[in-house]
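Have a look at the structure below, then the notes.
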Amino acid sequence: MTTFRSDFLRTLSERGFVHQISDPEGLDTLFATETVTAYIGFDPTAPSLHAGGLIQIMMLHWLQATGHRPVSLMGGGTGMVGDPSFKEEARKLMTVETIEENIASIKQVFSSYLSYGDAPTGAMMINNAEWLRDLNYLEFLRDVGRHFSVNRMLSFDSVKTRLEREQSLSFLEFNYMILQAYDFVELSKRYGVRLQMGGSDQWGNIVNGIDLGHRMGTQQLYALTSPLLTTASGAKMGKSLSGAVWLNADMLSPYEFWQYWRNTEDADVERFLKLYTTLPMDEIARLADEAKGAAINEVKKILATEVTAMLHGRAAAEAAAETARKTFEEGGLSADLPTVEIPAAELEAGIGVLSVFAEKTGLVASNGEARRQIKSGGLKVNDATVTDDKAAVSARDLTPEGVVKLSFGKKKHVLLKPV
RNA sequence: GGGGGAGUGUCCCGAGCGGCAAAGGGGGCGGACUGUAAAUCCGCUGGCUACGCCUUCGUAGGUUCGAGUCCUACCUCCCCCA
């Protein structure tokens, strides 16, 4: 791998963020000589980004940390088109309201990683609805569409594989790449953006933008992609025991977020420290060095706490670490575990275990699932395995702390609290 | 416009002579082993007021004691010919 002169590229490169760069020397020179504005696009398909997108946010973070200007582009306009899924079933397009709500909700997270403002390196959040929604179709075709060769678009892997797999590709989706290319050009014209970053799957789209820029007379533009991240065993990033690893605290508590990182596979620890924390490289090297055998668990805790601290703040991260310590290392309970409140009278009367685990707390999906889990010994009340699906949980099960601890498997715990 | 295929358990792929809650994978979940890891092994993987009941095989009808399986129409997709 080349050694870069610029702080930004050197940092990204040594931390493992770089997959491809369109013109490494040129871009390096650019970063070494001026303050560069670069962007990454995010689709507002959900009210929160999840761990899979964290790597992109970290790239913006480093961009700013090394003296440049990050732009997060929200796809308020492209969201209208929707990135059609592979399945048929013309998924309902999102309404404008949903898109706007999602964007508002996603915004909160960025301020944990970037500082916004008018300073030369102040981060910006831009919505491509700004120029896409009022686009005039005919004008657009004449100004932008004429620069695209269908022959060439058909030759892109993203399109080709789709056609070869005999899966339909709607015109809508076909246009998505044009809009994204156009975004790059608009950002370049309006805000002086020079670089677009993204996951490696975005390479073709980004390069399209560069080409369009050439034809439409922008400055030289650049592309930088990050590797597609999977865990060492091949799973996609961003799935936890209970679903997606959302970044918004109201969708996934800091404790659960911490747990996700705590459970990192051994083989991923060093890589994740580089990608998802801002610990200095020599510090990471030291940690990786002492992380042999079971000692690696200590390093995983550091990883979890550092990642959580960046997102939710140091205090929340340490609270999560403490909760985990009490729960797992002392086998006790901590008031900070996820808690479900229940009317005291109801508990007094006694509630069936099935109902408690399924309806009341949602730890398992249904009564049937609860029954199956009991059969295989997966449910516990106050750390005692449930063996009878007709058993009931009542006020007698309250611990001295005044709660009932319910566990599903070894890692999922909920406290039942009478009110 | 003509001809030929396909749509299965809403995570995915994928079998299915008219008796099917539907084979088999993958994934996921639980258990054992460990270190809250990986690998490995075992079990589970429609719902319920549960020895019974209800809802599932593109949609809507029909034939049958009985249909994922047969017939009709429709929808969507793919391939070949024009």
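Keep in mind that the numbers below use all heavy atoms, side chains included, and drop hydrogens, waters and symmetry copies. Letters go in sequence order (proteins before strands), and every chain restarts at 1.
Picking from B:C29, B:G35, B:A37 the nucleotide with the shortest atom distance to the side chain of A:Lys411 gives B:A37. In the set B:C33, B:G35, B:A37, the nucleotide with an atom closest to the side chain of A:Lys410 is B:C33. Comparing B:G30, B:U49, B:A37 by their nearest atom to the side chain of A:Arg371 picks out B:U49.
Note on A:Arg372: a side-chain N or O is less than 4.0 Å away from OP1 or OP2 of B:G47. Contact between the side-chain N/O atoms of A:Asn367 and the OP1/OP2 oxygens of B:U49 is found at a separation under 4.0 Å. Look at A:Lys412 and you'll find a side-chain N or O under 4.0 angstrom from OP1 or OP2 of B:G30. A:Ser366 has no side-chain polar atom (N or O) that falls below the 4.0 Å cut-off from OP1 or OP2 of B:G46. Within the 4.0 Å cut-off from OP1 or OP2 of B:U49, not a single side-chain nitrogen or oxygen of A:Lys390 is found.
Side chain to side chain, A:Gln202 and A:Gln196 fail the donor-acceptor criterion of an N or O pair below 3.5 Å.
Regarding the sugar-base torsion, B:C70 falls in the anti class, its angle being beyond 90° of 0. B:C51 has its base syn relative to the sugar, with a glycosidic angle deviating from 0 by at most 90°.
Rounded to an integer number of Å, the gap from A:Arg262 CZ to B:A38 P is 11 Å. For A:Leu363 and B:G28, the CG to P distance is 20 Å, given to the nearest whole Å. Going from atom CD1 of A:Ile374 over to atom C1' of B:A50 covers 14 Å, rounded to whole Å. Protein atom CD of A:Glu256 is 15 Å distant from nucleotide atom C1' of B:U36, rounded to whole Å. Rounded to whole angstrom, the span from the NE2 atom of A:His413 across to the P atom of B:U36 amounts to 11 Å. Between A:Phe408 atom CZ and B:U45 atom C1' the separation is 11 Å, expressed in whole Å. For A:Asp389 and B:C51, the CG to C1' distance is 14 Å, given to the nearest whole Å. At whole-Å resolution of the value, CZ in A:Phe357 and P in B:G30 are 13 Å apart.
Taking every heavy atom of both residues into account, A:Thr278 and A:His61 meet most closely at CG2-NE2, 3.6 Å. Of all non-hydrogen atoms in A:Glu348 and A:Ser394, the two that sit nearest each other are O-CB, 4.5 Å.
Taking atom P in both B:U63 and B:U69, one finds a spacing of 15 Å when rounded to whole Å. B:U34 and B:G25 are spaced 28 Å apart, taking the C1' atom of each and rounding to whole Å. Atom name C1', nucleotides B:A50 and B:C42: the rounded distance is 27 Å, in whole Å. Using atom C1' as the reference point in both B:C57 and B:G18, the two lie 15 Å apart (nearest Å). With C1' as the reference atom, B:C71 and B:U56 are 22 Å apart, rounded to whole Å. Here the separation of B:U64 from B:U72, taken at their P atoms, is 16 Å to the nearest Å. Rounded to whole Å, the P atom of B:C79 lies 43 Å from the corresponding atom of B:C48. Spacing between B:U49 and B:C41 at atom C1', rounded to whole Å, works out to 38 Å.
Under the Watson-Crick or G-U wobble criterion, with both distances below 3.5 Å, B:G27 is paired with B:U45. Base pairing of B:A6 is made with B:U76, judged by Watson-Crick or G-U wobble geometry with both donor-acceptor distances under 3.5 Å. Under the Watson-Crick or G-U wobble criterion, with both distances below 3.5 Å, B:G1 is paired with B:C81. If you check B:U69 for Watson-Crick or wobble pairing at under 3.5 angstrom, you find it has no partner at all. Judged by Watson-Crick or G-U wobble contacts below 3.5 Å, the nucleotide B:A15 has no partner. Under the Watson-Crick or G-U wobble criterion, with both distances below 3.5 Å, B:A21 is left unpaired in every strand shown. Nucleotide B:U40 has B:A32 as its partner under the Watson-Crick or G-U criteria, with both atom distances under 3.5 Å.
At a cut-off of 3.5 angstrom, counting only N and O atoms as typed in the model, there is no donor on one side facing an acceptor on the other between the side-chain of A:Glu329 and the base of B:U36.
A:Ile284 pairs with exactly one of A:Val269, A:Leu279, A:Leu303 by the side chain to side chain contact (heavy atoms under 4.5 Å, CB included) rule, that one being A:Leu279.
Counting non-hydrogen atoms under 4.0 angstrom, A:Lys375 reaches nothing in the nucleic acid.
Looking at A:Asp28, its side chain never comes within 3.5 Å of a backbone N or O of A:Pro24 through a donor-acceptor pair.
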For this session: For the pair A:Trp258 and A:Ser253, evaluate side-chain contact (heavy atoms from CB on, under 4.5 Å) and give the outcome as yes or no after the intermediate values.
Result: CA-CA 9 Å; A:Trp258 191 93; A:Ser253 70; over 6 Å; no
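Map A:Leu379 and A:Ala324 each onto its nearest nucleotide of RNA chain B; the residue landing nearer the 5' end is A:Leu379. Where A:Ala365 and A:Thr264 each meet RNA chain B at their nearest nucleotide, the meeting point lying more 5' is that of A:Thr264.
Aromatic ring orientation, A:Trp261 versus A:Tyr276: tilted (interplanar angle from 30° to 60°). Using bins of under 30°, 30° to 60° and over 60° for the plane-to-plane angle, the ring pair A:Phe184/A:Tyr39 lands in the perpendicular bin.
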